[in-house]
2 protein chains.
Amino acid sequence: VTARRDGGQRRGPGRPADGGDRKAAILTAAREQFGAKGYNGASLREVARQAAVDPALVHHYFGTKAQLFVAAMELPFDPAERIAAFLAADEGDLPETVVRGFLGIWGNPDFRPPMLALLRSAFSSEQGATMLREFVGSVLLSELRERLPDVDPLRLQAAVAQLVGVAVLRYVVRLEPIASAPEADLVRQLVPAVRRHLQG
Amino acid sequence: VTARRDGGQRRGPGRPADGGDRKAAILTAAREQFGAKGYNGASLREVARQAAVDPALVHHYFGTKAQLFVAAMELPFDPAERIAAFLAADEGDLPETVVRGFLGIWGNPDFRPPMLALLRSAFSSEQGATMLREFVGSVLLSELRERLPDVDPLRLQAAVAQLVGVAVLRYVVRLEPIASAPEADLVRQLVPAVRRHLQG
């Protein structure tokens, strides 16, 4: 669950010294590509070219485009795994699973700093906004849309907005009482709202 | 509605040249005080001392503490006026009035940049986070709480979170379709969620 795929700054003892440099160069190129062209527009071949490495090395180090994207965002968890857990829930349980999953990620003190950094970067640069837009749109929501093909995209995004707003007030603005509210109270308050968005 | 109370950088033709400087000094001191001590902890006397002006001048230029706070935040509208409009609504109309009022402020191209700056500052500094917390908590929510004394504060904040999240996705992340959705579609989607939070 906590697997990091970037490892750009870490080197195994037996790894050649330039392995870390090449990984770091790939991640830098990936952030520029994703930030400039968005998730769908970015090409792994172009990332490789910009990082001056063989495209096969990008695959070797980072796997798929989605995995490279996650690594470039320096998220401390794999959203695909989280989403797989959402998708496994019965449709009736989905609102609660999504709310609990979201609060669980933000409630984890290891996950929160990179999530905050992600949000912060969206406010401070065009590239950051594009990265977050692509992450939410192309990674998170596209999976949810597959799971809930009949739900209007605006409804899905209204549900996401409810959760994003809670994260902002709870962890950035730190407004009381929402900042200190027990997770169970938030679940009780948010699940009906999310259910209303998703299920009408 | 669009009255600005700061005017720190502007000078009337007959006003002495140092009027603008003193206003600017008061606003700088106010931002420091509010950011360091919060809305309730800040004192106009201390602001005046820090700006090296007479306390009466603070009142003369900026009026009440709430008005100084609004001026220090460089908001292009007076939240008290907006809130008065909310308070005038029948309780049954309140969710729709609040949603329309919020979207109306963000939809106004003159109001949006300072609102974005306010959100951005909360992400980039402790002082910014404190300012936004005090603004939402002591200015916006305290009035709403008076209007809806029986509503649990967590419910009020969940409603605010719904709206804040929409502003983040629509205007910062600019995720489609919520970024381009007509205001009427958002009203239709958000009013039931806000109503559920406020009215259970």
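Numbers restart at 1 for each chain; the letters A, B, ... are given by sequence-line order, proteins then strands.
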Structural part of A:Leu132 lying under 4.5 Å from a heavy atom of chain B: both
Note, A:Leu175 side chain near B:Leu141 side chain (heavy atom, < 4.5 Å): yes
Chain A: which of B:Ala179, B:Ala167, B:Pro192, B:Ala129 shares the most heavy-atom pairs with it under 4.5 Å? B:Pro192
Part of A:Val160 within contact of chain B (heavy atom distance under 4.5 Å): both
Between B:Arg133 (side chain) and A:Val173 (backbone), is there a donor-acceptor pair under 3.5 Å? yes
If you define the side chain from C-beta out and look only at heavy atoms, does anything of A:Gln162 sit under 4.5 Å from B:His197? yes
What parts of residues 149-158 of chain B touch chain A if we use heavy atoms and a cut-off under 4.5 Å? B:Pro153, B:Leu154, B:Arg155, B:Gln157, B:Ala158
Proximal component of A:Val172, with respect to chain B [non-hydrogen, under 4.5 Å]: both
Keeping to residues at least two apart or across chains, list the side-chain hydrogen bond (donor to acceptor under 3.5 Å, both in side chains) pairs with something in residues 166-178 of chain A. A:Arg174-B:Glu126, A:Glu176-A:Ser180
I need the residue from A:Pro177, A:Gly137, A:Ala122 with the largest number of non-hydrogen atom pairs under 4.5 Å to chain B. A:Pro177
Which residues in residues 96-103 of chain B have any heavy atom closer than 4.5 Å to a heavy atom of chain A? none
What residues, two or more places apart in sequence or in another chain, satisfy side-chain hydrogen bond (donor to acceptor under 3.5 Å, both in side chains) together with B:Arg188? B:Asp185
Quick check: closest heavy atoms across A:Val166 and B:Ala161, and the distance to 0.1 Å? N-CB, 3.5 Å
